[in-house]
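Below you'll find the structure, written out as structure tokens, and then a few comments.
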Amino acid sequence: MVNQNELTNIRNIGIIAHIDAGKTTTSERILYFTGSTYKLGNVDDGNTTTDFLPQERERGITIQSAVVTAFWKGTKINIIDTPGHVDFTAEVERALRVLDGGVIILSGVEGVQAQSETVWRQADKYHVPRIVYINKFDRVGADFDKTIVAIREKLGARPAIVQLPVGKEDSFSGMLDVMEGKKYLFNDPTGETFETLEPDANERARIAGAREQLIETVAEVDDQALEEYVSSGTMVWEHVRPALRRATIANLVVPVFVGSSFRNKGIQPLLDGIVDYLPSPMDVKPAVGRLPGSDEKVEIPSDVNGPLVALVFKIVSDPYVGILSYIRVYSGVMHSSSYVVNAHTGDKQRVSRLLRMHANKREDIEELGAGDLGAIVGSRDVITGTTLCDEGKLVQLETMHFPEPVVSVAVEPRTKADQQKLAASLAKFAIEDPTFRIKTDEETSETIISGMGELHLEIIIDRLLREYGVNATVGEPQVAYREAIGREVVQQGKYIKQTGGHGQYGDVVLRITPGERGSGIVFLNKTVGGSVPRQFIPSVESGVREAATSGPILGFPLVDLSVALIDGSYHPVDSSEMAFKIAGSKALREGCAKASPFLLEPIMRLEIVVPKENIGDIIGSVTARRGTIQQIQDRGHLQVVECSAPLASMFGYTTVLRSLTQGRGSFSMEFSHYQKVSDDVRDQVVSKFEGSSSKAQ
């Protein structure tokens with residue numbers, strides 16, 4: 001039986017970072033040195049545990065987050081290895097939602113990169129305590145001090161240095177442990193053993209300086225430490241570690257470690273840091289939910305003796321067992337073959353199997369207690385964000401919100417059999433991935449799939465063709481534009497239909513006003529005197545929202561509207577919910593067409609890293625794509641260009657960049673905001689879409 005005391009010996013952590021900072025390599029080393037695997041996996045060799053999809057191994061990147069479990073010094077560490085590419089940011093988002101702590105990996109050469117900032121903000125959003133691991137310290141250009149400055153300036157964090165590097169680049173051989181006052185030398189190439197030595201006089205001075213700085217850092221943020229520091233001018237050294245743990249869990253400081261995962265240097269001290277400074281489920285604030293049908297909030301403490309509350313944070317379609325639902329148990333104990341209730345639908349369902357996941361391998365278990373991660377087989381109608389509870393004790397945890405897709409492609413099956421396979425396969429992807437969308441173009445009957453970027457859709461199409469055997473043709477990537485209005489209009493919408501019996505009658509007047517950017521669709525009821533009966537107002541809103549999914553210019557969704565129902569009329573016999581829904585829809589469509597509509601296009605934030613000699617060509621290539629340069633920074637022998645550009649002009653930029661830099665340049669791109677397109681660009685977009693639709697017909 002699960003014991004409440006065991007919760008203090010659990011760590012639920014995520015390995016999160018910019019692409020190519022070494023997340024998967026670090027995860028593989030953790031698994032190896034904890035005895036969870038018996039062979040070191042390498043990204044370049046395509047034999048990693050956590051990157052198990054063929055697409056991951058071929059490209060050397062993480063696409064799906066993988067859950068693995070390791071044990072270190074009596075502590076169970078549940079690890080989620082997350083993707084670094086921005087197209088798969090939803091994987092990071094849902095992992096952080098259920099984690100108690102995180103290990104942020106930074107490259108010692110590149111320091112804080114664009115996606116490092118993104119994952120840091122995501123961790124801030126969920127108040128996830130974290131430690132920083134500066135990786136790749138054996139590489140040319142590695143700079144510890146510069147990375148520490150970047151942590152302060154770019155991430156706005158307060159670093160607490162608990163390790164100092166011994167040597168750098170080729171001479172990097174280990175680290176000075178500030179806490180223990182020892183030197184660790186990693187001379188064994190396997191990393192399985194390392195020497196613990198007394199530091200020399202110079203190294204003792206470095207440790208003393210770091211200790212003084214560490215005491216000041218924790219005294220600034222921890223009341224207990226400050227009281228001791230003010231009264232005595234210093235701190236008893238044995239009090240610093242618990243003070244640093246409290247400050248880390250309170251998200252006030254980030255302990256900093258250093259190493260080289262690929263060279264097997266520094267993993268064991270990092271594991272010690274995970275145990276020492278990151279929280280157990282008992283150390284974090286209780287999860288907050290609400291009772292179904294009300295806004296009353298309830299706290300859910302981590303208690304194995306409490307009622308069952310578990311959150312589904314990921315869905316995977318497994319070829320062997322069917323739909324797998326990954327869960328975090330917040331309270332109570334879930335048993336295999338027991339019954340649980342979907343708190344959102346009220347459906348009761350049986351947990352046919354309970355699993356502990358080790359990447360794509362599964363281990364059957366009998367129970368899963370509060371604070372732990374696992375997976376269940378046999379859940380029906382469950383989506384990402386579903387809460388599972390005991391019968392009669394329902395509570396709904398806060399659901400997750402994901403960004404809207406920005407790129408679309410048309411997929412056309414080649415045969416009737418492929419059409420059925422395509423529909424079934426896409427439905428599985430839609431269940432697994434909350435940022436993936438499917439729709440059918442009403443005019444051309446094409447299937448349009450949308451995702452977070454070119455790579456996201458490329459991976460899905462690759463899986464369609466190879467994993468699911470769908471034979472299909474794929475169109476060119478298209479930008480997911482949005483539409484908005486430029487001025488206020490007042491528009492009447494009437495729907496009157498006479499038939500033999502009861503007719504249909506709905507009449508509304510809407511005031512349609514441009515909203516603040518990012519405000520979405522806001523509906524307000526401003527009627528007086530019952531001109532539109534109360535029972536029909538939800539139908540008007542439903543019609544408005546349905547009409548807003550297709551704008552007047554090219555049929556892209558309308559955004560940032562404030563729609564007020566100000567007047568209308570009704571018929572005591574013929575009025576119905578359907579009539580008012582149609583009237584509301586008609587009023588919005590006709591009103592927006594008169595309200596100076598315009599197109600919005602997605603603007604991307606870019607970080608381009610290139611050799612100094614190519615900087616002129618890169619600036620030219622960005623400005624030619626309607627881009628704006630924000631700043632250019634030196635990073636050793638490279639230069640980093642931070643800029644923004646419309647997504648529409650960035651398709652295929654990888655090939656352009658390779659050509660301009662002889663393959664030495666790289667870039668990362670993430671969605672920033674939507675921006676109004678100029679008149680000439682609008683004309684180009686309209687003619688392009690009208691031309692493609694006429695060809696399809």
Query raised in the report: So E432 and R463, salt bridge (Lys or Arg N to Asp or Glu O under 4.0 Å) or not? Walk me through it.
Result: CA-CA 13 Å; E432 289 184 12; R463 290 184 66 192; 3.7 Å; yes
Requested in this report: Begin with the C-alpha distance, continue with both residues' side-chain angles, and end with the deciding distance and a verdict on side-chain contact (heavy atoms from CB on, under 4.5 Å) for V490 and L510.
Outcome: CA-CA 6 Å; V490 174; L510 303 180; over 6 Å; no
Requested in this report: Check the pair I376 / V340 against side-chain contact (heavy atoms from CB on, under 4.5 Å), numbers first and verdict last.
Outcome: CA-CA 11 Å; I376 57 176; V340 295; 5.5 Å; no
**Report entry** Verdict with supporting geometry, L565 and I537, side-chain contact (heavy atoms from CB on, under 4.5 Å)
**Finding:** CA-CA 8 Å; L565 174 61; I537 289 168; 4.1 Å; yes
Report task. Evaluate the criterion side-chain contact (heavy atoms from CB on, under 4.5 Å) for residue pair Y653 and R625; output intermediate values, then yes/no. Result -> CA-CA 10 Å; Y653 189 66; R625 285 167 170 73; 3.6 Å; yes
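Taking 4.5 Å as the limit, every side-chain heavy atom of V288 sits out of range of all side-chain heavy atoms of I300. Using a 4.5 Å heavy-atom cutoff, the side chains of V640 and I608 are not in contact. Annotation: side chain of V685 is in contact with side chain of L599 (closest heavy-atom distance under 4.5 Å). Looking only at side-chain heavy atoms (C-beta outward), V312 and L388 come within less than 4.5 Å of each other. F523 places a side-chain heavy atom less than 4.5 Å from the side chain of E541. At least one side-chain heavy atom of F580 sits under 4.5 Å from a side-chain heavy atom of V532. Inter-residue side-chain proximity for R97 and E398 is flagged as met; some heavy-atom pair is nearer than 4.5 Å. I603 has its side chain out of reach of L647: every pair of non-hydrogen atoms, C-beta onward, lies at least 4.5 Å apart.
Separating the CD atom in E488 from the CD1 atom in I512 is a distance of 9.5 Å, to the nearest 0.5 Å. Expressed to the nearest 0.5 Å, how far CD of Q491 lies from NZ of K586 amounts to 9.5 Å. L588 contributes atom CG, which lies 8.0 Å from atom CD1 of I485 (distance to the nearest 0.5 angstrom). With rounding to the nearest 0.5 angstrom, the CD1 atom of I619 is 9.5 Å from the SG atom of C643. Of the inter-residue distances, the one linking S644 atom OG with M650 atom CE reads 10.5 Å to the nearest 0.5 angstrom. Rounding to the nearest 0.5 angstrom, the gap separating the CG atom in D347 from the CG atom in N342 is 6.0 Å.
In summary, E546 and K581 engage in a salt bridge, as defined by a charged side-chain N under 4.0 Å from a carboxylate O.
Using modelled atom types, no side-chain atom of S542 and backbone atom of P538 make a donor-acceptor pair closer than 3.5 Å. A donor-acceptor pair under 3.5 Å links the side-chain atoms of T386 to the main chain of I383, judged by distance alone. Between the R545 side chain and the I521 main chain, a donor and an acceptor come within less than 3.5 Å of each other. Under a 3.5 Å cut-off, the side chain of D418 and the backbone N or O of V470 do not form any donor-acceptor pair. No donor-acceptor distance shorter than 3.5 angstrom exists from the side chain of E607 to the backbone of V641, with no hydrogens or angles considered. T387 places a side-chain N or O within donor-acceptor distance of the main-chain N or O of L397, the cut-off being under 3.5 Å. The backbone N or O of T655 lies less than 3.5 Å from no partner atom in the side chain of S659, so there is not a single donor-acceptor pair.
In this pair, F436 and F429 present their aromatic rings perpendicular. The plane angle is above 60°, beyond the 30 to 60° band.
With hydrogens and angles left out, the side-chain atoms of S576 and Q504 include a donor and acceptor closer than 3.5 Å. Y505 and S569 share a donor-acceptor pair across their side chains, judged by distance under 3.5 Å alone. Side chain to side chain, S562 and T513 fail the donor-acceptor criterion of an N or O pair below 3.5 Å. Counted by atom type alone, D507 and Q492 present one or more donor-acceptor pairs between their side chains at under 3.5 Å. Judged purely by distance below 3.5 Å, without hydrogens or angles, the side chains of S585 and R589 pair a donor atom with an acceptor atom. Between the side chains of Q631 and E642, at least one donor N or O lies within less than 3.5 Å of an accepting N or O. Defined by atom type and a distance below 3.5 Å, a donor-acceptor pair is present between the side-chain atoms of S596 and R487.
Annotation for E577 and Q535: closest pair OE2-O, 4.3 Å, computed over non-hydrogen atoms. Heavy atoms only, all atoms of each residue included: G385 and L311 are closest at O-CD1, 3.6 Å. Of all heavy-atom pairs between P292 and L394, the closest is CD-O, 3.5 Å. Nearest heavy-atom pair, L558 versus P552, reported as atom, atom and distance to 0.1 Å: CD2-CD, 4.1 Å. Summarising the geometry of E483 relative to I553, their closest heavy-atom pair is OE1-N, 2.9 Å, with the distance given to 0.1 Å. Looking at every heavy atom in both residues, P557 comes nearest to Y481 through CD-O, 4.1 Å.
Checking R482, R626, R682, K676 one by one against E601, the side chain to side chain donor-acceptor pair (under 3.5 Å) holds for a single residue, R626.
F536 does not carry R534 over the face of its six-membered ring by the limits of under 6.0 Å from the centre and within 45° of the normal.
When the shell of 6.0 Å around NZ of K428 is examined, it contains 12 or fewer heavy atoms from other residues, nucleotides or ligands. The environment of D679 atom CG is sparse: at most 12 non-hydrogen atoms of other residues, nucleotides or ligands sit within 6.0 angstrom.
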